[in-house]
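Labels below follow one simple rule: chain letters A, B, ... track the order of the sequence lines, proteins then strands, and each chain is numbered from 1. Atoms considered below: every heavy atom in the structure, side chains included; atoms not considered: hydrogens, waters and symmetry mates.
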Amino acid sequence: MKRSLLITTDPIDEAALIAVRSLSAGMGAVVAFSGVVRGREGDASLAALDYTCFVPMAEYQFHRLFDRLAGRGTIESVRLVHRIGRVAVGEASLWVEVVAAHRAEAFEACQWLIDEMKRVVPIWKRAVPASASDEPSAPAGPAPAPVPSTPSDPNPAP
Amino acid sequence: MKRSLLITTDPIDEAALIAVRSLSAGMGAVVAFSGVVRGREGDASLAALDYTCFVPMAEYQFHRLFDRLAGRGTIESVRLVHRIGRVAVGEASLWVEVVAAHRAEAFEACQWLIDEMKRVVPIWKRAVPASASDEPSAPAGPAPAPVPSTPSDPNPAP
Amino acid sequence: MTIPVTFWSYFAELAGRPETSVELPQGATVGALLERVYVDHPALAGLRRSTLVAVGVEYQDDTHVLSAGDRVSLFPPVQGG
Amino acid sequence: MTIPVTFWSYFAELAGRPETSVELPQGATVGALLERVYVDHPALAGLRRSTLVAVGVEYQDDTHVLSAGDRVSLFPPVQGG
């Protein structure tokens, strides 16, 4: 199974990704997913999301997921791009493409990969409110956060 | 819900379709499917598929499906292109894109639309064997077909 | 009334022609039209269970009552995608 | 042995710092490391049930035995996509 992984602060260029797609003659299905930053999360109006990533572990965990897909049969190719850093509303933070012989397995693999990513790949996001787009908001999390004395992003991606 | 339908003999230009995609701020998920003609069907090696379509009915049935999707909630846009006529191996015969607020509904709607299309939209295909790419093969069907005295494509799309 | 009938996909080969027309009394049903078609095109009769029938652009079943001006299409299971 | 610990996402704010290190005897487990971390960073202790622990790039649970040279990461549920 061909695999391609990119974790990048650059905008995701879907046209360029599609331009280099290649299918062998037995492949009949391409499923592509773009995850785009929404302007609202719950009641809050957002300007952007700031993504942080523990990159070496994310790469390792992504490749473990790819290994599991490779054992599934007639998937020819998986490509995944995750953007990190600040991603503005309306821009894509994630692009996933699965090429397979048949439609059902392409859809299933694409959804499975995203579900598993959200379970095991160490990437986190925090909201940048629309009203103060230069300052990240309090982090999204279950606990009240004390006001940090450190800079607003203490976890730059390595 | 925005909707776009194109039934065409022209190649599907996915880059151009993506270039005109537009999402409103509440939308977070884009699922796109490309169905590509495979080089084999069962034991046969193919050069192409010839698609015929009862176009007015296909358009009507597609729009009925779009109507049903529009009643489902937060789907912002559905675009579908079905190529007809001869489609060579490796070329796309179908492109479907669903834009929705959330991932699960985008995947579900895209798969539902393709499933329903295959149930109700009057489009048929027949194999063009690799060994005689200028002559359509016997039609794909459950019954033995008598050799027609009519030209090879008796059902040109109106 | 004269009802034009179009055969799509391999039904045209089985019928030996892409179109025909059937003369029916007022109030005739799709079922009655099919019986007439199968007399002239017996190769189609064996596929009746899987045959799809449209009147205009709508699917209809055997009980649907035809009207003058209707156009009927007969075809095998669809295969888009 | 000295085990470096990195806090990711809002765990860094809760800890007040992005990294620390913990002195542990040979053969100490992830669970023992967590107990030490929670002494200095009590704000994290309440999130123990949802805390994910990686040693290097692999997830590990409380019973995992640490070795000299290991690097530990503590973080909340991941949120990619």
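Among all heavy-atom pairs drawn from A/Val120 and D/Val78, the shortest one is N-CG2, 3.9 Å. What you find for D/Val57 and A/Gln61 is that their closest heavy atoms are O-NE2, 2.9 Å. Across every non-hydrogen atom of A/Phe54 and D/Ser73, the tightest pair is CE2-OG, 3.2 Å.
A donor-acceptor distance shorter than 3.5 angstrom exists from the side chain of A/His82 to the backbone of D/Gly81, with no hydrogens or angles considered. Side chain of D/Trp8 to main chain of A/Pro122: no donor-acceptor pair is present (N/O by atom type, distance under 3.5 Å, no hydrogens or angles).
When each of A/Leu49, A/Val121, A/Val87 is scored by its heavy-atom pairs under 4.5 Å with chain D, the top score falls to A/Val121.
For a residue to count as touching a neighbouring chain, one of its non-hydrogen atoms must lie under 4.5 Å from one of that chain's; by this rule A/Leu94 touches chain D with the side chain only. Proximity to chain D (any heavy atom under 4.5 Å) is shown, for A/Val96, by neither the backbone nor the side chain. In this structure, chain D has a heavy atom under 4.5 Å from the backbone of A/Arg119, while its side chain stays farther away.
Heavy-atom neighbours of chain A within the stretch residues 25-39 of chain D, taken at a separation under 4.5 angstrom, are nonexistent.
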Run the numbers on D/Phe75 and A/Met57 for side chain to side chain contact (heavy atoms under 4.5 Å, CB included), then give the verdict. CA-CA 12 Å; D/Phe75 46 82; A/Met57 182 173 176; 3.9 Å; yes
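The OG atom of D/Ser9 lies 11.5 Å from the NZ atom of A/Lys125; values are rounded to the nearest 0.5 Å.
Partners of D/Thr63 under the side chain to side chain contact (heavy atoms under 4.5 Å, CB included) rule, at least two apart in sequence or in another chain, are D/Asp61.
Of the N and O atoms on the side chains of D/Glu58 and A/Tyr60, at least one donor lies less than 3.5 Å from an acceptor on the other residue.
Sorted by first then second residue, the salt bridge (charged side-chain N to carboxylate O under 4.0 Å, His left out) pairs that include residues 21-36 of chain A, not counting sequence neighbours, are A/Arg21-A/Glu97, A/Arg21-B/Glu14. Among pairs with a residue in residues 70-81 of chain D, none fulfils salt bridge (charged side-chain N to carboxylate O under 4.0 Å, His left out), at least two apart in sequence or across chains.
The shortest side-chain heavy-atom distance between A/Tyr51 and D/Gln79 does not fall under the 4.5 Å cut-off.
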